[in-house]
There are 2 protein chains.
Amino acid sequence: MRKGEKTRERLMDIAESSVLAKGFSATSIDEIIAEAEITKSGFFYHFKDKNELAQALLERYVERENVLLDDLFKKAADLHDDPLHIFLIGLKLFADLMADMPKGHPGCLVATYCYHERLYDAKVIELNRQAVLNWRNRFSKAFQDICDRYPPRDDVSVEALADMVSNTVEGAIVMSKALKEPKVMVDQILLLRSYIKLLFQPVPG
Amino acid sequence: MRKGEKTRERLMDIAESSVLAKGFSATSIDEIIAEAEITKSGFFYHFKDKNELAQALLERYVERENVLLDDLFKKAADLHDDPLHIFLIGLKLFADLMADMPKGHPGCLVATYCYHERLYDAKVIELNRQAVLNWRNRFSKAFQDICDRYPPRDDVSVEALADMVSNTVEGAIVMSKALKEPKVMVDQILLLRSYIKLLFQPVPG
DNA sequence: TGAATACTTGACTGAAAGTACGGTTTTTCA
DNA sequence: TGAAAAACCGTACTTTCAGTCAAGTATTCA
């Protein structure tokens with residue numbers, strides 16, 4: 001990694017945690033450069049303006065999330081070959097991952113961006129939308145595979161089910177932040193898992 | 001209502017919609033007073049500073065939400081006297097309410113506040129926490145009543161179930177905002193309803 | 001070693017945020 | 001109806017913030 005990239009990453013790290021804690025507009029450039037020990041001109045060498053920073057932050061965040069999810073469900077797929085069980089294992093692994101974060105999930109940039117719509121330009125808003133559509137796509141495929149093998153016990157659409165996964169996580173971030181109880185995230189993921197089980201798993205016997 | 005209260009309400013209306021669209025710190029007092037056609041001094045007559053505005057906004061929001069929920073579940077209770085069915089009807093009524101909002105839910109102040117923790121003073125943060133605890137309490141009672149009559153088909157806690165209601169709504173606000181699809185909210189509430197049904201409803205026959 | 005790359009220095013602008021306080025009008029209610 | 005209380009105005013001031021500009025220096029890598 002070149003030196004410039006390293007600095008850029010550091011600036012983004014500082015910015016990201018500030019954005020998640022205070023919001024984008026309360027995150028001042030002066031504050032970022034003070035913490036990064038760099039000059040203002042140095043900052044603008046890397047990002048032509050604040051919006052470009054916003055975009056870079058979102059792109060990096062979405063990229064990382066995707067890698068994490070790919071990884072997680074690949075691990076799950078190594079442990080089983082039934083689509084339903086793969087998904088249930090994947091959710092369990094995800095819950096474990098969240099349980100290992102003592103301070104809980106740091107927050108989702110997608111959520112902060114959607115609540116600050118009027119702050120960003122059209123491109124960033126669209127990027128944000130695509131990120132969520134991407135999640136929908138990912139989980140839709142998984143649920144389609146499950147539906148193909150197990151008839152659901154209720155009339156539900158795969159898209160809505162797919163959204164339910166993202167929905168649970170986004171909601172749980174808000175809840176656990178507001179309550180200061182990281183545990184909420186784990187509980188909610190396990191409740192989602194409970195639903196998937198009840199919805200698809202054949203009654204024993 | 002005195003004239004001052006009317007002005008105060010108007011200021012809060014403008015502020016609230018701006019906070020939900022841009023976040024608190026991007027909501028400038030100059031902008032609020034311009035839209036309200038009042039001077040800056042006029043604004044500070046009503047709120048001693050921005051934090052007091054934040055607190056007033058949250059208090060009013062939580063109050064209104066509680067009235068709405070009281071109303072909704074009272075209506076549901078008028079239509080049935082079984083706790084499970086009351087809850088299922090309540091969720092359906094809530095879904096209908098959301099479906100009637102053409103632009104979707106305007107956004108939840110509790111969610112924006114929890115993502116901007118570092119902006120508010122301790123009192124406001126605690127108020128926010130109490131609001132969520134209040135929801136937990138409300139729904140916990142409902143689920144306890146249901147559990148007393150119907151044994152759940154999975155090992156779940158009433159608190160986690162209660163949180164799932166708020167969780168679903170908070171998550172759905174984020175999802176529908178990011179996707180620009182208000183329909184997501186309705187779908188997610190109905191999925192929650194589906195879960196409650198599968199979890200508690202006895203198998204027919 | 002030399003040309004990119006990655007910054008620093010420092011001064012500056014224009015806009016907006018928030019504070020302070022005395023003065024003025026408008027309501028309200030007795 | 002009139003005086004006190006409530007509601008609001010004018011204005012001046014301090015900070016902060018995003019962003020610009022020109023010119024220079026240090027670092028890195030090919």
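Below, chain A is the first sequence line, B the second, and so on; all start at residue 1.
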Legend entry - Distance-only side-chain donor-acceptor flag, B:Asp82 / B:Tyr150, under 3.5 Å: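 Yes.
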Closest to the [X] side chain, choosing from [options]:
X: A:Lys3; options: C:dA6, C:dG18, D:dC9; answer: C:dA6
X: A:Phe44; options: D:dC9, D:dG19, C:dG18; answer: D:dG19
X: A:Thr7; options: D:dG19, D:dA6, C:dC7; answer: C:dC7
X: B:Arg2; options: D:dA18, C:dG18, D:dA6; answer: D:dA6

Please report, rounded to the nearest Å, how far the [atom2] atom of [N] is from the [atom1] atom of [X].
X: A:His46; N: D:dG19; atom1: NE2; atom2: P; value: 16 Å
X: B:Lys40; N: C:dC21; atom1: NZ; atom2: C1'; value: 15 Å
X: B:Ile29; N: C:dG18; atom1: CD1; atom2: P; value: 4 Å
X: A:Tyr45; N: D:dG19; atom1: OH; atom2: C1'; value: 18 Å
X: A:Arg10; N: C:dA6; atom1: CZ; atom2: P; value: 13 Å
X: A:Phe47; N: C:dA6; atom1: CZ; atom2: P; value: 12 Å
X: A:Asp30; N: D:dA18; atom1: CG; atom2: P; value: 6 Å

Inset, instruction - Check each of A:Val132, A:Asn134, A:Leu133, A:Leu127 against A:Gln130 using the side-chain contact (heavy atoms from CB on, under 4.5 Å) test, and report the only one that passes. - result: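 When side-chain contact (heavy atoms from CB on, under 4.5 Å) is applied between A:Gln130 and each of A:Val132, A:Asn134, A:Leu133, A:Leu127, only A:Leu133 qualifies.
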Inset, instruction - Would you indicate whether A:Asp155, at its atom CG, is surrounded by more than 12 heavy atoms from other residues, nucleotides or ligands within a distance under 6.0 Å? - result: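 Open.
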Inset, instruction - May I ask you to decide whether A:Glu5 forms a salt bridge with A:Arg60, counting only side-chain N to carboxylate O separations under 4.0 Å? - result: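 A salt bridge is absent here (no side-chain N lies under 4.0 Å from a carboxylate O).
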Legend entry - Presence of B:Lys50 side-chain N/O under 4.0 Å of C:dG18 phosphate oxygens OP1/OP2: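 For C:dG18, OP1/OP2 do have a side-chain N/O of B:Lys50 under 4.0 Å.
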Inset, instruction - Considering just the side-chain nitrogens and oxygens of A:Ser41, establish if one lies under 4.0 Å of OP1 or OP2 belonging to C:dC7. - result: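 No, because none of the side-chain N or O atoms of A:Ser41 sits under 4.0 Å from OP1 or OP2 of C:dC7.
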